Amino acid sequence: MTQATPGSKKIVGVFYKANEYAKLNPNFLGCEENALGIRDWLESQGHKYVVTDDKEGPNCELEKHIEDMHVLITTPFHPAYVTAERIKKAKNLQLLLTAGIGSDHIDLKAAAAAGLTVAEVTGSNTVSVAEDELMRILILVRNFIPGYQQVVTGEWKVAAISHRAYDLEGKTVGTVGAGRIGKLLMQRLRPFNCNILYHDRIKADAEFEKETGAKFEEDLDKMLPKCDVVVVNTPLTEKTRGMFDKERISKLKKGVLIVNNARGAIMDTQAVVDACNSGHIAGYSGDVWNPQPAPQDHPWRYMPNHAMTPHTSGTTIDGQLRYAAGTKDMLDRYFKGEEFPAQNYIVKEGKLASQYQ
């Protein structure tokens with residue numbers, strides 16, 4: 001366990017800026033202005049807490065603090081990319097905390113080589129993301145977005161919506177990855193009476209399969225052509241980066257719907273655009289992009305039949321309360337030299353967690 005050295009610590013947090021929205025909800029803790037609600041607690045113990053949303057480029061605010069910070073708190077929703085170069089500069093850095101789930105914005109091998117501890121608040125927003133995935137499945141299956149757009153623009157063309165609107169019942173939904181979020185999604189799909197398939201490194205236990213009716217598919221490329229809806233629930237690793245390239249997408253069922261709240265880089269950006277343009281992908285929805293924030297000219301903004309949003313699924317107010325509390329708990333344990341919950345470690349004593357290996 002990385003134990004805090006004696007004395008005052010410099011903790012840097014990088015969060016999205018909320019501006020006029022910061023004061024609208026007292027539980028809105030995930031923004032720069034409210035900074036997880038831990039400022040008073042940290043400063044009362046003599047620590048320095050620096051918070052910013054400025055994270056890109058050599059002259060950004062984050063760069064000014066890299067050399068002498070002891071702890072860096074980041075989030076997947078406004079990721080500060082912790083490169084090997086930044087890690088090399090960070091002479092005092094001991095601990096990298098992700099307020100949320102998913103630490104792929106950190107060069108984990110460089111962190112391990114430098115002897116750093118990387119941890120996240122495992123489980124903090126799994127319900128938030130699984131609920132969001134279910135919503136996106138229904139939005140795509142029912143062709144909801146064009147209907148909403150008609151109302152906004154003053155139109156009324158039922159046929160333009162209904163010619164490609166379906167029921168979820170009886171459809172085959174496959175999840176690529178069946179960790180905490182994937183399992184929660186499958187449980188929530190059960191009442192819709194659809195066929196549920198899953199691919200993962202580990203087969204779920206028989207009780208879970210009986211409860212959900214889910215069927216394990218060992219071979220991903222055999223599962224995918226069976227699916228009317230594909231949901232991506234795998235971490236971004238060296239193995240999964242670009243997993244859905246032109247070749248793999250071509251093997252999907254024509255008219256497939258894809259939901260990806262995992263990570264944008266799991267998809268080949270242009271291959272998704274091309275498949276949406278050709279109609280091979282009939283609908284694509286998610287909240288993750290590569291990079292983040294997505295630039296204004298990102299092609300996913302303009303491809304047909306999409307239901308994309310900014311990265312919001314895991315940063316509901318309920319999710320924020322959970323990951324703020326989890327971050328505070330790990331900081332408290334760090335100051336006291338205590339172990340974190342085992343499932344929170346992503347890098348510990350030079351070793352990467354199994355999902356990132």
Side-chain angles (χ1 to χ4, degrees), residues 15-16 25-31 34 36-37 73-79 97-104 119-141 168 173-192 194 196-198 200 202 204-205 207-209 211-214 229-236 258-264 266 285-288 292 307-330 340-346 353 355:
F15 310 104
Y16 54 80
N25 189 328
N27 292 325
F28 189 6
L29 300 182
C31 59
N34 297 327
L36 303 183
I73 305 170
T74 59
T75 81
F77 315 106
H78 185 69
L97 292 178
T98 298
I101 303 170
S103 299
D104 49 89
E120 58 189 42
V121 191
T122 298
S124 60
N125 50 20
T126 50
V127 168
S128 313
V129 177
E131 286 185 1
D132 189 272
E133 289 178 340
L134 181 57
M135 174 188 74
R136 290 175 191 276
I137 291 170
L138 290 167
I139 281 171
L140 293 179
V141 169
L168 181 54
V173 181
T175 175
V176 182
R180 291 174 176 85
I181 295 170
K183 285 188 171 70
L184 286 172
L185 174 66
M186 288 188 275
Q187 289 170 334
R188 282 152 178 75
L189 284 169
R190 177 63 167 168
F192 288 89
C194 47
I196 304 170
L197 307 177
Y198 72 98
D200 196 81
I202 303 166
D205 58 55
E207 186 178 346
F208 175 84
E209 290 190 342
E211 173 201 345
T212 59
V229 181
V230 173
V231 186
V232 182
N233 273 313
T234 186
L236 177 61
I258 298 178
V259 171
N260 177 18
N261 280 2
R263 288 296 180 264
I266 293 171
S285 185
D287 69 336
V288 288
Q292 289 187 183
M308 295 296 296
T309 67
H311 195 171
T312 56
S313 64
T315 188
T316 62
I317 295 299
D318 303 283
Q320 289 176 47
L321 289 169
R322 290 188 292 265
Y323 65 69
T327 302
K328 182 178 179 180
D329 175 67
M330 286 192 288
F340 298 163
Q343 69 270 20
N344 288 11
Y345 286 107
I346 302 302
Q355 67 264 38

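Each residue takes its place number in the sequence, starting with 1. These numbers were taken from a predicted model, which means no experiment stands behind them.
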Step-by-step side chain to side chain contact (heavy atoms under 4.5 Å, CB included) determination, D329 to V121: CA-CA 10 Å; D329 175 67; V121 191; over 6 Å; no
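- Between H311 and F77, the angle of the ring planes goes over 60°, which puts this pair in the perpendicular group of the 30/60° scheme.
- Listed for the N27 side chain is no donor-acceptor partner under 3.5 Å among the backbone atoms of I317.
- Between V129 and L184, every side-chain heavy-atom pair lies at or beyond the 4.5 Å cut-off.
- Here the side chains of V229 and V141 are in contact, with some heavy-atom distance below 4.5 Å.
- The distance from the CG atom of D132 to the OG atom of S285 is 7.5 Å, given to the nearest 0.5 Å.
- Residues satisfying the side-chain hydrogen bond (donor to acceptor under 3.5 Å, both in side chains) test with R263, not counting sequence neighbours, are D104.
- N233 and G177 get closest at one heavy-atom pair: CB-O, 3.5 Å.
- Rounded to the nearest 0.5 angstrom, L36 CG and C31 SG are separated by 9.0 Å.
- Looking only at atom types and distance, the side chain of T212 has no donor-acceptor partner in the side chain of Y198 under 3.5 Å away.
- Nearest heavy atom pair, residue T175 against residue G182, reads OG1-CA, 4.4 Å.
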Stepwise side chain to side chain contact (heavy atoms under 4.5 Å, CB included) test for Q187 and F208: CA-CA 9 Å; Q187 289 170 334; F208 175 84; 3.9 Å; yes
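- Interatomic distance, T327 OG1 to R322 CZ, rounded to the nearest 0.5 Å: 13.0 Å.
- Without hydrogens or angle criteria, Q292 side chain to G264 main chain gives no donor-acceptor distance under 3.5 Å.
- Counting heavy atoms from C-beta on, the side chains of P76 and T98 come closer than 4.5 Å.
- Residues Q355 and I346 form a side-chain contact, since some pair of their non-hydrogen atoms from C-beta on lies under 4.5 Å apart.
- Contact detail for N125 and G314: the closest heavy-atom pair is ND2-O, 3.1 Å.
- Residues I137 and F192 are not in side-chain contact: their nearest non-hydrogen atoms beyond the backbone lie 4.5 Å or more apart.
- Looking at K183 and T126, their side chains never come closer than 4.5 Å, going by heavy atoms from C-beta outward.
- Counting only N and O atoms by type, the side chains of S313 and R136 include no donor and acceptor under 3.5 Å apart.
- Put simply, the side chain of Q320 gets close to the backbone of T315: a donor and an acceptor are under 3.5 Å apart.
- Residue R180 holds its CZ atom at 16.0 Å from CG of L185, rounded to the nearest 0.5 Å.
- Separating the NZ atom in K328 from the CG atom in L97 is a distance of 14.5 Å, to the nearest 0.5 Å.
- Here the OG1-CE distance, from T309 to M135, works out to 7.0 Å after rounding to the nearest 0.5 Å.
- Taking every heavy atom of both residues into account, G179 and D200 meet most closely at N-OD1, 4.0 Å.
- Here the closest heavy-atom approach between residue V232 and residue E133 is recorded as O-OE2, 3.9 Å.
- For the pair T122 and I101, the tightest heavy-atom approach, listed with the atom from each and the gap, is CA-CG1, 4.5 Å.
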